[in-house]
Each structure stands twice: as structure tokens, then as C-alpha cells.
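Here you go, one structure.
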Amino acid sequence: MEVHQHFGDPSLVITYRHLLSHNLGVRDPLRIVALCDSDAFYAACEMVRLGTAEDTPLVVLQWDSIIAVNYPARKYGISRMSKVKDALQKCPHLQVVHVATYKEGAKEPGYWDDVDTKTHKVSLDYYRRESLKVAAKFKDLLPGCEIEKASIDEAFIDFTKRAKELILERHPYLANPPPEGLDSPLPPPPSISWDGIGHLIPSIDEGQLFEEGKPVEEMSVSWHDVALSISAELMQTARQEVLKTLGYSTSAGIARNKFLAKLSASDKKPNNQSILRNSVIPYYLKPLPFQKIRYLGGKLGMAIAKEYEASTDMQKSFGEQAIWVWEVLRGIDRSEVKEKTSQNKSMMASKNLPKPIVDAKDGYHWIRVLAAELALRLNDARKQDPRIWPKAIVLHARKGYEAARSKQAPFPFVRDLTVDIIANHGDRLWRELVGNAQSVHVSAVQLSFSGIEASEAGQRQIEDFLQGAKRTRVEDEASEGLSFTCSRCGKVIRQTDSIRSGEGSEADPLVKLRMEHDDFHYAQDLAKADNRMVLTPDSAGERPRPAKKKKENAERQGIERFFGRKASD
DNA sequence: AGCCAGCAT
DNA sequence: GCATGCTGGCT
């Protein structure tokens, strides 16, 4: 088995130091990573929403395309490629559900029976919310584990730390290293029961489970295998609990790194998990078309494949494809499982246009639709964390067959985010993109926020606003009148007689002053976005509150307004 | 910083 | 396909 020698670490002797250390990272010989993903997630979401029976075949539609097929439906030979018509022929009682959409007249996305891509826009928000629920549940169920949400339906879980804890708990004698010291090898591991904790990926064909007269599964048990079995146990109970409480079935792969976890996760779908022991890795990788490996599925994979075929020398010198693939894997997969903030770093709304935009002015219609969705979503996200704010707003437009072009601009911090603010920025970017042309050919538009963070700047502005009043008042008491320093424009704002319209208000006058100044910034943002006159802070108080007026207007303008307008085509 | 290409589900 | 999201590289 010379192939084993190329694997280095797996055959490395595991010592007391390895077991007792907690900071060995990706080099840890006891490292355990799982990839857990939801089975046919969008379809499962719809089943949960509709209370559909578990064995009901169901597909999810986006316009005319099937984007999710649950496992009962797959039994009928239905796939994502199928046409709805064919699917219904294969399975007449198939449930067909269209994703939620925004439609004219409705403020919230919903499920309608008259969806039309010319007038509606898809909303995937329900799936995002369900995804967050699942992730939160796994975090609850797996304390001491690092969890990285990798996509809407997948998460990596690092069990290393927890598995080591449990090894020590179950084998307390390991806590006391022998006199030879921490670097002496651990005693032989106990035998392992793999029952009920998933599918053990075999090293060779199911047909020949014996080697050298011994069952393969009894060969070469290591402490890493012990850690694997413990992790598999934890993963199994967590998955069962998610299924029971939220209704989502999942599949998982458990192995020594992210790549292998990801790979093995799809071995036994749905509702099952696979365990990949180090000793079977070479056998597992050998027959694997390497395009299946993450990051090798696209252009890079093709390039490498070409290079590989071209250079026969390399092939000869390296011999086995499995080894070569493994070398690639080693190089790339030093990646840690790292917790991500539950808040995404970008937020995007996009729309492909079956009827391209021809008249440049018609761009505003779809931009406002996209802006309305972003407003809803960002305001929603801010309920979790009011500090979050995007650094920039980006507009992409695909012209005809050309690749998409984009323009972006910094996005200012404003307290009350409205559709208008976003749309006005979007409109400005649209003008930059289309230039002077009144006639265009835009087949897709995409509006997004980037660099979303719980920014200190945003937080400070809010804190200043709420708390600054007190501090400033003290400073100001000696001097004449009310004033404060605006953290946004950096100017000292003083109360002038013009603002002092004795409305017998019960509010703190300084708070009031700040609010009015804030309104100025709000108005200025709008004005800037409109490429029109820019006010100066000092003149703001003299004006008859244009911001307020605009705001009231804006509040009445929900998403329905923009759908109400005809996309003139 | 702004824009794009590429990869992913 | 379509609707998302992330990262890295280039200017």
C-alpha cells in the first residue's frame, strides 16, 4: 500500500500533546469537520410552509424552470432539468409550487396563481429566513463547535474541540501523560461501534470486505477514528433534532477537512450521513472525477484538466491520478471552519428581463422595484442589529450579450431608509451606466448593497444622537444657546431663532435640534441623489422643512407604487 | 476604491 | 436557466 505514504499526516502518530492542545488548527491530527446540508431545501421549505405530507412529490418553480425537486418527486425521474409538463406526465399528482414573488399592488412578497415574469419579481426571502432558523438551531444543538454557514442550505461544522473533550471525558486516563512526556503516543484506541451514527464509507468494493483474512472495518483503528465516531454521534442527534423541531431533513459528511466533508456529504442523500476515515481516503479519491471537487468544477478545473492531459511527462512522473488530485487538495484545503456573522456582507436584488429595456427611461421602473426590495430587506436586517449599514450601493446592467457592467457609489448613513433614497442612488448609477443614450438594450439589472457591516460609524452616529445631548448641554450651559457637533458633517450646529418656533413642545430642545439637523442630511441625500441643488447645513434650518415633507411622501410609496407603473414595453 | 471575473448553491 | 452570494485580482 505505497499509496498510503503520500498521505503523511493521517498516519502520523497521535500524541498526548495532540489530544490536550486546543490550538493546532488545520494541522491537528484529530481534526474533524462536517458539512451538513439540507435536502432539496427550497422544496422542503415549501413543504413546511404548506404542511405537505412527507412523501408527497413536490417541485418548486421559478417562472418556467424547476429549481428544486424533493426526493419523493425524484423517484419519478423528475430532475431540475425537467419541463413542468413532462414532470406532470411522469407524476400526475405532483405538487407544483411557484416561489414567492412581489407583484403589483402588494407590499409584501406572496404566493399568487397568476405569476408573470414581465410584471413580478421573485423573492427568496422566505428561504433565507428558514435558513437562519436552521443555522441557529444547529448552533444551539452543537455547543463548543465552530459553525460556518456556507450557503443558504449548507454549513461546515468543526467538531475538533468538542470531540477531544468527549474523548477525555470517556477515557479519563488520557488526561495523565506518562513519564515519557506529552510527546509520547497515545495508547491503542478502543474498538469503535459505528452503529446508528451513519454510513461508514468502505475502503473497497462492498463485495470484498475482507483483506488479509480480517474484516476491513476492523483494520487500523486510530484515535482519529474515535474522534470521527464521536462527532458523527453529535451530528446525528443534531440532525434528528432539526428534523423533529423544524421539519428539515439533512445530509452530512464527516471527515478530516472541509473538502472531504463536502465530498462525502452527498454519498448517502437524503436524510443520512457518511463518515470518511483517513485510512480510506485514497480509495475514496481514486475513482473520483476531480471536477467534483470544490473550485475545480469551473474554468480552473478545465484548465488543469487540459494541462494534465497535455503533459504526459507529468502523468508518467506522477503516475496515479488520485495522488495528483490529493496533492491539489492538500494545497488548497488549509481552510478553517470559521464562524461568520449571521449578517451577509452583501445584499442583492436582481431581475432578468425577458423583454429588455429599450428606452433608457424605463430603467427607473425596475430600479425602483429592486430598491423597494432592498429597503424591505435591509430594514428587516436592522431589526436584528440596528447598526448594520452598507458601505456602497452597486448597480449592474447587462447590455445585450455583453458581460454585465456595473457602477457603484458610497452609500451614506441615514436613519430612516426609504425606497426613495435607494432608488435615487440607483437612478444616478443608471444614468452613469447608460450615458447619454436614450435607446439601450438592457436584459438584466441587479442592484446591491456591498460591504454591509455593523459599523462603528453608524453606531456612533446613533449613540451621539441619543447620548450626545446630555454631554453637549453641559458644555453649552456656560455659553449661549444650544449647539452640538454633528458626527456626520462635523459641523457645529447651533440653534438659531429661525428654528425656534415655540411649538410648546415637550421634547428636549436639543434632541429636537438634532432631529432637525438629521432631516437636513436626509434631504441632502435626496438632493444629491437627484443631482440637484446641494444645501448647506447652515441654511437647512431656514427652509420650511423640505425633508419632512419628502419623507411623508416617501412613506406612502410602498413597493406597490412601482409596480403600479407600467413597464412601458 | 471601483470594477470585473470566477465560483458556488 | 435565474436569483442570489462570496472572494480575489487588476487598475
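Throughout, protein chains are lettered first and strands after them, A, B, ... in sequence-line order, and every chain is numbered starting at 1. Keep in mind that the numbers below use all heavy atoms, side chains included, and drop hydrogens, waters and symmetry copies.
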**Message:** Rounded to whole Å, how long is the line connecting atom CE of M347(A) with atom P of dC6(C)?
**Reply:** 10 Å
**Request:** Could you tell me whether H425(A) and F411(A) have their ring centroids closer than 6.0 angstrom?
**Result:** yes
**Request:** Go through dT4(C), dC2(C), dC6(C) for me and flag the one nearest to the K121(A) side chain.
**Result:** dT4(C)
**Message:** Rounded to whole Å, how long is the line connecting atom CG of D64(A) with atom C1' of dC2(C)?
**Reply:** 12 Å
**Message:** At less than 4.0 Å, is any side-chain N or O atom of K262(A) found next to OP1 or OP2 of dT9(B)? Yes or no.
**Reply:** yes
**Complete:** Taking dC2(C), dG2(B), dT9(B) as options, the one with an atom nearest any side-chain atom of E154(A) is dT9(B)
**H98(A) and W63(A) aromatic centres sub-6.0 Å** = yes
**Asked** Within the structure shown, what part of the strands sits under 4.0 Å from I152(A) by heavy-atom distance: base, sugar-phosphate, or nothing?
**Response** nothing
**Request:** Considering just the side-chain nitrogens and oxygens of R405(A), establish if one lies under 4.0 Å of OP1 or OP2 belonging to dC3(B).
**Result:** no
**Any I452(A) side-chain heavy atom under 4.5 Å of N344(A) side chain** = no
**Request:** Nearest-nucleotide wise, let me know which of I66(A) and Q343(A) is further upstream toward the 5' end of DNA chain C.
**Result:** I66(A)
**Asked** Is any side-chain nitrogen or oxygen of R398(A) closer than 4.0 Å to OP1 or OP2 of dC4(B)?
**Response** no
**Message:** Closest approach to the side chain of R80(A), judged atom by atom: which nucleotide of dG1(C), dG5(C), dA3(C) is it?
**Reply:** dG1(C)
**Item:** Nearest-angstrom distance from the residue atom CG of D153(A) to C1' of dA8(B)
**Value:** 11 Å
**Out of dC6(C), dT4(C), dC3(B), whichever nucleotide has its closest atom nearest the side chain of K407(A)** = dC3(B)
**Prompt:** How would you label the contact of A444(A) with the nucleic acid (heavy atoms, under 4.0 Å): base, sugar-phosphate, or nothing?
**Reply:** nothing
**Request:** Decide side chain to side chain donor-acceptor pair (under 3.5 Å) for S249(A) and D39(A); before the verdict, give the C-alpha distance in whole Å, the side-chain angles of both, and the deciding distance to 0.1 Å.
**Result:** CA-CA 6 Å; S249(A) 95; D39(A) 302 320; 2.5 Å; yes
**Asked** S151(A) has a side chain; which of dG2(B), dT9(B), dA3(C) sits nearest to it?
**Response** dT9(B)
**Prompt:** Is it the case that more than 12 heavy atoms not belonging to D64(A) sit under 6.0 Å from its CG atom?
**Reply:** no
**Asked** How close or far is atom P of dT9(B) from atom NZ of K258(A), stated in whole angstroms?
**Response** 13 Å
**Request:** With the side chain of N352(A) defined as its heavy atoms from C-beta on, choose the nearest nucleotide among dC2(C), dC6(C), dT4(C).
**Result:** dC2(C)
**Prompt:** Going by modelled atom types, is there a donor-acceptor pair between the base of dC3(B) and the side chain of Q408(A) at under 3.5 Å?
**Reply:** no
**Prompt:** Please give, in whole Å, the distance from dG2(B) C1' to R428(A) CZ?
**Reply:** 14 Å
**Asked** Rounded to whole angstrom units, what separation is found between the CG atom of L395(A) and the P atom of dG2(B)?
**Response** 14 Å
**Request:** Can you figure out which of dG1(C), dC3(B), dG5(C) approaches the side chain of I67(A) most closely?
**Result:** dG1(C)
**Request:** Between dT4(C), dG1(C), dT9(B), spot the one nearest the side chain of S65(A), thanks.
**Result:** dG1(C)
**Request:** Report which part of the nucleic acid K149(A) touches: base, sugar-phosphate, or nothing (heavy-atom distance under 4.0 Å, all strands).
**Result:** nothing
**Item:** Atom-to-atom span, CD of Q446(A) to C1' of dA3(C) - whole angstrom
**Value:** 9 Å
**Message:** Between P on dC6(C) and CD on E453(A), what's the gap in Å once rounded to a whole number?
**Reply:** 12 Å
**Asked** Is it true that Y76(A) and H93(A) have ring centroids separated by less than 6.0 Å?
**Response** yes
**Request:** State, yes or no, whether a side-chain contact exists between E336(A) and E148(A) at a heavy-atom distance under 4.5 Å.
**Result:** no
**Item:** N344(A) vs S350(A), nearer the 5' end of DNA chain C by closest nucleotide
**Value:** S350(A)
**Message:** Side chain of S406(A) only, heavy atoms from C-beta on: which candidate in dA3(C), dC3(B), dT9(B) is closest?
**Reply:** dC3(B)
**Request:** Measure from the side-chain heavy atoms of M348(A) and tell me the nearest of dT4(C), dC6(C), dT9(B).
**Result:** dT4(C)
